[in-house]
Amino acid sequence: MARARALLTQRPFRRLWVVTGYCSTADWLALFGLAALGSTLASSPTGVNFTFSGILFVNLLPGLLFAPIAGLMSDRFDRRTVMVVADLARCALLLSIAVANSYWWILAGNFFVQLATTMWIPAKDAALPRLLRRPDQVASAVQLGLVMTYGITVLAAGSLFTLITGAGTLFGVSAEVIGMNGLSRITIVVAALLYLASASSLTALLPELSKPLDGSAPAGRAGPASSPTVNRRPGIAGMLRESVSYLREVPLVRGLLIGMMGALAAGGAVVGSAQPYALSLLGGQAAFGLLLLAAFLGLVVGIVGTPRVVYRMTQERLFGIAVIAAGSVLVLVALSPHLAVSLVAVSIVGACAGTAFLTGTTIIGSRVEDSMRGRINALYQSMLKVVLGCSVALSPLLVTLVGRRSVHLRGDDFLIDGTRPVILGGGLLAVGMGAIAYRQMRGHSRTPEHETSDPATVDGGRAP
């Protein structure tokens with residue numbers, strides 16, 4: 001709490017945190033509003049059923065296709081300009097969706113909204129460390145960002161959506177006054193105005209986000225760990241070559257991506273096979289819900305507890321150990337004979353995953369140089385979606401292909417369903433890739449300049 005309070009006393013970070021709140025609230029509110037509007041405009045029951053899943057798919061698609069380009073843009077152009085243009089584009093597109101009142105433009109227009117979001121996120125993540133006084137504050141800054149994005153703004157957007165859509169009943173406003181879809185369209189307009197508020201705040205209040213034309217870090221900010229020298233103003237092709245060279249020559253980043261790839265593949269295997277796995281434990285749908293809850297709670301514990309642990313060992317060691325631990329405990333999940341054992345094991349896996357995610361994001365923010373940070377962030381985010389999505393999609397197919405097997409052991413026959421070998425394979429994959437990541441990263445554990453080893457020391461003083 002002391003570190004969070006100290007961060008929020010820094011005006012540039014606090015303003016970016018509030019801007020993140022505007023945009024995240026708009027993201028969630030637009031999702032709710034578009035789903036509600038689409039369900040009323042669909043011309044068939046199939047269209048109604050497809051609306052929410054279609055909007056979710058459209059939300060993911062631009063990140064899968066264009067995240068590397070977004071990373072190039074955030075490193076090539078002024079990041080504040082990229083974010084402002086993206087916010088204005090999202091505002092205009094949502095207003096057009098509200099005005100058009102068309103089912104197909106909901107999907108097509110939302111695709112372009114998410115394309116702008118794909119450009120906004122790497123620029124914000126890459127610029128964030130420039131607003132902090134020391135590199136060791138990155139972990140706490142990422143924590144606060146996650147609290148805003150997946151906590152405060154979800155509640156704010158849900159409350160706004162409920163208030164707006166319930167206004168007709170509450171105040172007795174008839175559909176003849178506001179139209180059949182009037183309240184749903186109003187929620188979309190409010191989301192658009194929140195993007196406009198974000199653009200205005202970025203323009204008027206956050207000049208610190210603007211990157212010098214030579215791509216150098218501003219005076220007074222701590223520099224990154226050693227890495228190959230990169231050109232400051234290359235073209236797009238040069239930036240692509242630069243990215244490949246950077247990954248080849250910097251084991252720290254290469255190991256980070258390898259380890260996270262293994263962790264995401266294993267996590268996707270668990271999520272994709274969770275429902276049949278719950279049935280194999282004879283727990284039914286209730287067990288499925290408990291397993292998801294245990295994983296989520298473990299994730300929260302890992303994210304909240306990581307800053308405490310990271311002061312006791314280097315970030316590189318912690319990342320590799322977290323991935324290896326997650327894979328090792330997944331082996332226990334695969335062999336678990338009882339729901340109680342599975343719940344404990346899955347919560348530990350979630351905690352290890354949260355630790356690995358936050359540590360990886362912190363390493364990128366504090367150890368990757370400013371001129372490369374946008375591209376690495378974009379690659380990290382796109383890998384999150386691609387590897388996790390493919391793993392979730394392929395796991396049910398693998399479970400079906402493996403099928404049920406009868407194993408003869410010590411004179412008894414045991415029936416093993418397909419989820420156990422799939423989860424076991426995911427766990428072993430995570431252990432292997434975590435070990436590779438640990439070996440790649442362990443020789444590059446230099447602590448960033450000005451980083452303190454005292455968890456209670458914040459901004460040069462002792463926290464109360």
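Using modelled atom types and a 3.5 Å distance limit, the side chains of Thr419 and Ser273 yield no donor-acceptor pair.
Judged purely by atom type and a 3.5 angstrom limit, Thr153 uses its side chain to pair as donor or acceptor with the backbone of Met148. Using a distance-only test at 3.5 Å, with no hydrogens or angles considered, no donor-acceptor pair links the side chain of Arg375 to the main chain of Ser74.
When the shell of 6.0 Å around CZ of Phe13 is examined, it contains more than 12 heavy atoms from other residues, nucleotides or ligands.
Each salt bridge (charged side-chain N to carboxylate O under 4.0 Å, His left out) pair with one or both residues in residues 23-35, not counting sequence neighbours, appears once here: Asp27-Arg90. Contacts classified as ring pair (Phe, Tyr, Trp, His ring centres under 6.0 Å) and involving residues 131-161 (residues at least two apart or in different chains) are given here: Phe32-Phe161. Each side chain to side chain donor-acceptor pair (under 3.5 Å) pair with one or both residues in residues 252-265, not counting sequence neighbours, appears once here: Arg254-Gln440.
Every residue two or more places apart in sequence or in another chain that forms a side chain to side chain donor-acceptor pair (under 3.5 Å) with Thr81 is listed here: Asp78. Applying the side-chain contact (heavy atoms from CB on, under 4.5 Å) test to Leu292 and every residue at least two apart in sequence or in another chain returns Phe288. Partners of Leu297 according to the side-chain contact (heavy atoms from CB on, under 4.5 Å) rule, which considers only residues two or more places apart in sequence or in another chain, are Leu293.
Across all their heavy atoms, Val323 and Ala356 have their closest contact at CG2-CB, 4.1 Å.
Taking CG from Leu379 and CE from Met372, the interatomic distance works out to 9.5 Å, rounded to the nearest 0.5 Å.
Ring pair Phe111/Phe66 is perpendicular by interplanar angle, where above 60° counts as perpendicular and below 30° as parallel.
The pair Glu316-Arg367 meets the salt-bridge criterion, since a charged nitrogen lies less than 4.0 angstrom from a carboxylate oxygen.
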